[in-house]
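Structure record follows, encoded as structure tokens.
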Protein chains: 2
Amino acid sequence: MSVVRTGVSLAAPHTTENTEASASWLNTILKGDCVAALEKLPSRSVDLVFADPPYNLQLGGDLHRPDQSKVDACDDHWDQFESFEAYDGFTRAWLLAVRRVMKPDGSLYVIGSYHNIFRVGAILQDLGFWIMNDIVWLKSNPMPNFRGKRFTNAHETMIWAVKSKDAKPTFNYDALKTFNEDLQMRSDWHLPICTGTERLKDKAGLKVHPTQKPESLLYRVLTASSRPGDVVLDPFFGTGTTGAVARKLGRHYVGVEREQDYIDAATARIAAIEPGDAASLEMQQSKRSQKRIPFGSLLESGLLQPGTELTCPKGRHLAIVRADGSLKSGDHTGSIHKVGALVQGQEACNGWTFWHIQDGRKKAPIDELRKEIRSRLQA
Amino acid sequence: MSVVRTGVSLAAPHTTENTEASASWLNTILKGDCVAALEKLPSRSVDLVFADPPYNLQLGGDLHRPDQSKVDACDDHWDQFESFEAYDGFTRAWLLAVRRVMKPDGSLYVIGSYHNIFRVGAILQDLGFWIMNDIVWLKSNPMPNFRGKRFTNAHETMIWAVKSKDAKPTFNYDALKTFNEDLQMRSDWHLPICTGTERLKDKAGLKVHPTQKPESLLYRVLTASSRPGDVVLDPFFGTGTTGAVARKLGRHYVGVEREQDYIDAATARIAAIEPGDAASLEMQQSKRSQKRIPFGSLLESGLLQPGTELTCPKGRHLAIVRADGSLKSGDHTGSIHKVGALVQGQEACNGWTFWHIQDGRKKAPIDELRKEIRSRLQA
DNA sequence: GTGGGGAGTGAATCAAGCG
DNA sequence: CCGCTTGATTCACTCCCCA
């Protein structure tokens with residue numbers, strides 16, 4: 001096994017607990033078998049894994065288009081397995097190796113088709129992984145079904161899993177929502193397949209790798225489940241789409257690949273990429289990670305006075321602000337959240353959005369005042 | 001176990017090799033456990049199976065919406081399993097029972113979510129079934145992810161499998177292609193969930209079944225993989241969507257269901273349906289094979305003039321018809337479908353029903369003009 | 001009748017932090 | 001680790017009510 005370095009210098013991982021930013025295996029491609037190569041990595045050192053394992057396609061003879069041209073199928077030797085049992089054993093082995101190097105809250109994405117994805121998913125569950133979502137990549141330009149015997153196979157399936165039910169994986173909800181025109185990102189991703197200049201070709205104009213994934217797919221995976229400086233592992237590196245996108249997005253990568261041709265192509269490809277700088281990588285700030293503002297701060301700052309009257313959105317409930325930062329509404333007293341819940345007879349309530357202050361002729365939630373405090377703190 | 005008959009009389013199955021059209025179990029709901037009930041059916045007697053087995057959801061506590069309302073989760077006892085092993089055993093048992101009653105060239109569709117579909121798919125392969133496609137049902141109106149911790153779960157997965165690699169299943173390729181505006185039917189199906197008047201409710205207004213499937217989904221399955229007179233089995237009959245669509249499309253059905261409440265609801269539902277007679281099925285055939293009318297035909301025919309103003313149903317969006325058959329609305333230009341999508345900010349739009357023309361005091365969709373063209377072509 | 005606003009809801013493995 | 005407090009979250013569509 002040898003190590004190929006592209007000599008990239010990037011920001012330090014956001015946590016260096018188990019990962020030295022200068023570790024020799026960072027931003028390299030490890031040559032060799034996936035399981036053996038991963039033994040070189042320390043345990044709990046990887047934030048995100050993207051895996052595009054062999055699909056175990058069971059092709060019969062050659063497939064020809066209606067014009068009799070031959071379809072350039074994926075018939076490489078690495079995609080051949082003798083049986084489901086052999087494929088299952090292979091899958092279990094690399095998933096266990098990957099599991100060891102994943103951080104406890106790290107994420108794993110595996111992509112596949114109906115030939116293999118059901119086996120992968122069941123084994124994931126058997127090994128104790130916890131599935132967060134399955135995601136379908138819908139191809140806007142899939143290969144048609146030439147024989148007219150099936151539905152056009154227009155999608156692939158990706159499984160997002162974590163190491164255990166209790167894991168708290170990175171999920172950049174707000175960034176994804178902004179990306180998606182202020183709507184929650186869904187489990188169906190409409191993306192074109194990898195063509196044009198993005199598709200690596202050799203000197204003869206033939207595609208270098210039969211199943212090169214589009215960068216847009218990796219872009220979304222990394223944006224969703226990693227942060228700048230994180231370590232992203234791809235145990236089936238191929239022509240390095242994962243490494244290319246990682247470098248663009250300011251993540252570290254580690255690849256494992258057996259074929260020297262793919263390693264050469266990936267190395268050149270990644271070296272040619274301009275690494276993302278910090279400013280352009282800044283993501284939509286998660287609301288959750290913002291500094292917590294106690295309700296009492298509104299009184300301290302003078303944005304609210306004791307005795308001010310708050311109402312619910314419909315004006316049916318009234319409450320008085322008291323000097324200690326508590327509310328009083330009828331017989332109920334306590335925090336803004338507790339009183340909001342009590343007057344509605346509910347178990348819980350977000351007082352920041354429930355209670356409103358009269359602002360001229362309009363009502364405004366007291367959350368507006370919190371935002372004002374936050375903007376003052378930043379200035 | 002008892003038998004519930006709805007007394008439907010339909011055309012004879014297109015093959016009576018192993019099925020007497022007068023068999024006592026045709027167009028009935030067998031009450032009881034799936035495996036036991038299927039023992040009452042002869043081997044090789046079913047053309048198509050649609051199965052919507054328990055998903056084995058592993059829900060934690062209650063889930064509340066941001067407005068504190070409680071989500072009415074699927075927590076029925078029939079969806080509870082002790083372990084993956086228990087679920088696997090259950091799955092193997094019913095799949096073997098189904099396998100026995102399937103004709104050699106029959107088709108099986110199983111629907112599920114990431115909680116169970118990987119196990120189902122792997123077991124299907126282990127039992128010797130041959131997967132033809134996996135199909136993703138994309139929901140236009142899924143339940144959002146309220147906590148912002150995952151991608152919105154916006155799809156379910158369906159596996160189409162046959163008994164062996166050598167099977168030659170019915171696949172009405174041309175009908176589906178015509179149905180899909182002369183494009184091959186793809187593996188991604190965009191359909192809304194079952195709501196409105198289609199959703200069965202009890203006297204209290206509560207949904208009768210927690211997971212009633214939309215008829216549009218079954219319509220497409222039966223259209224793809226069965227012929228009039230075929231026998232369609234649903235081993236988890238629920239409220240009988242499969243039976244209802246089978247009756248509409250002139251197929252025989254057999255259902256298995258354990259809960260009497262569901263049987264009662266399904267029986268009433270199916271009895272109220274007008275069976276598809278030979279003539280109307282013929283009509284459907286011809287409608288499906290209707291010639292595609294390009295929008296430009298409306299201009300050629302003089303039914304529309306260049307410069308005509310079209311509006312959306314609410315009159316908020318305007319567009320001008322151009323001589324080449326494209327629309328222009330603000331900065332957007334393109335086909336009626338594309339511009340309709342753009343002005344609404346949506347990914348897709350059926351321009352035929354979205355764009356309206358002023359017809360006297362009323363608005364009429366331009367689809368009316370297409371119908372006029374078609375009637376001219378037939379005359 | 002028609003249009004706008006508000007309420008309701010759907011197969012969901014749906015919280016984090018502190019003491 | 002348990003228990004309690006605090007706090008963060010929704011999209012598409014249908015139906016009802018009322019102007």
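We use all heavy atoms of the structure for the numbers below, so side chains are in, but hydrogens, waters and symmetry mates are not. Every chain is numbered from 1 and lettered A, B, ... according to where its sequence line falls, protein lines coming before strand lines. The structure displayed is predicted, hence computed values, not measured ones.
- C/dG10 atom C1' lies 14 Å from atom CG of B/L59, rounded to whole Å.
- Between A/K168 and C/dA15 there is no side-chain N or O to OP1 or OP2 distance below 4.0 Å.
- By the 30° and 60° cut-offs, the orientation of the rings of B/F236 relative to B/F90 is tilted.
- Taking atom CG of residue A/N350 and atom P of nucleotide C/dA15, one finds them 16 Å apart after rounding to whole Å.
- B/R65 contributes no side-chain N or O that forms a donor-acceptor pair with the base of C/dG8 under 3.5 Å.
- Contact between the side-chain N/O atoms of B/R147 and the OP1/OP2 oxygens of D/dA8 is not found at any separation under 4.0 Å.
- Taking atom C1' on both D/dC16 and C/dG1, the two are 16 Å apart, rounded to the nearest angstrom.
- For D/dT6, neither phosphate oxygen OP1 nor OP2 lies less than 4.0 angstrom from any side-chain nitrogen or oxygen of A/H337.
- Using a 30° and 60° split on the angle between ring planes, B/H190 and A/H190 fall in the tilted class, from 30° to 60°.
- A heavy atom closer than 4.0 Å to some atom of DNA chain D occurs in B/T195, B/G196, B/T197, these being the qualifying members of residues 193-208 of chain B.
- Between the side chain of A/D47 and the backbone N or O of A/K103, no donor-acceptor pair lies under 3.5 Å.
- Across all strands shown, B/N56 has no heavy atoms under 4.0 Å from either base or sugar-phosphate atoms.
- Put simply, NE2 on B/H64 is 15 Å from P on C/dA12, counting in whole angstrom units.
- One atom, CG of B/L63, and another, C1' of C/dC14, lie 6 Å apart when rounded to the nearest Å.
- Look at the C1' atom in both C/dA11 and D/dC15: the space between them is 23 Å, to the nearest Å.
- Residue order along DNA chain C, read from the 5' end via each residue's closest nucleotide, puts B/S69 first among B/M143 and B/S69.
- Taking atom P on both nucleotides, D/dA8 is separated from C/dA12 by 25 Å, rounded to a whole Å.
- B/Y262 and B/H209 have tilted rings, their planes meeting at an angle from 30° to 60° on a 0 to 90° scale.
- Within 4.0 Å of B/Q212, counting heavy atoms only, lies no atom of the nucleic acid at all.
- Between the P atom of D/dG7 and the CG atom of A/D367 lies a distance of 11 Å, rounded to the nearest Å.
- A cation-pi contact, defined as under 6.0 Å to the ring centre and within 45° of the axis, links A/R220 to A/W189.
- C/dA11 atom C1' lies 10 Å from atom CD1 of B/I111, rounded to whole Å.
- Geometrically, B/R119 engages B/F84 in a cation-pi contact, judged by NZ or CZ lying under 6.0 Å from the ring centre and within 45° of the ring axis.
- Remark: A/K177 is not in phosphate contact with D/dT9, judged by side-chain N or O atoms under 4.0 Å from OP1 or OP2.
- Comparing the C1' positions of C/dC14 and D/dG7 gives an interatomic distance of 15 Å, to the nearest angstrom.
- When heavy atoms are screened at a 4.0 angstrom cut-off, B/P313 is found touching no nucleic acid atom at all.
- Residue B/R316 has no polar side-chain atom (N or O) positioned under 4.0 Å from OP1 or OP2 of C/dG4.
- Between A/Y173 and C/dA15 there is no side-chain polar atom (N or O) within less than 4.0 angstrom of OP1 or OP2.
- In this structure, the CZ atom of A/R186 is 15 Å from the C1' atom of C/dA12, given to the nearest Å.
- Note on A/G351: nothing from the nucleic acid sits closer than 4.0 angstrom, heavy atoms only.
- Following rounding to the nearest Å, B/N153 (CG) and C/dT9 (P) show an atom-to-atom distance of 21 Å.
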Can you give me the dot-bracket string for DNA chain D, 5' to 3', counting Watson-Crick and G-U wobble pairs with both distances under 3.5 Å, using [ ] for crossing pairs and | for partners on another strand?
.|||||....|||||||||

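- Atom CD1 of A/I135 and atom CG of B/N153 lie 10.0 Å apart (nearest 0.5 Å).
- Between A/D174 and A/K177 there is no salt bridge, since no side-chain N of the basic residue sits under 4.0 Å from a carboxylate O of the acidic one.
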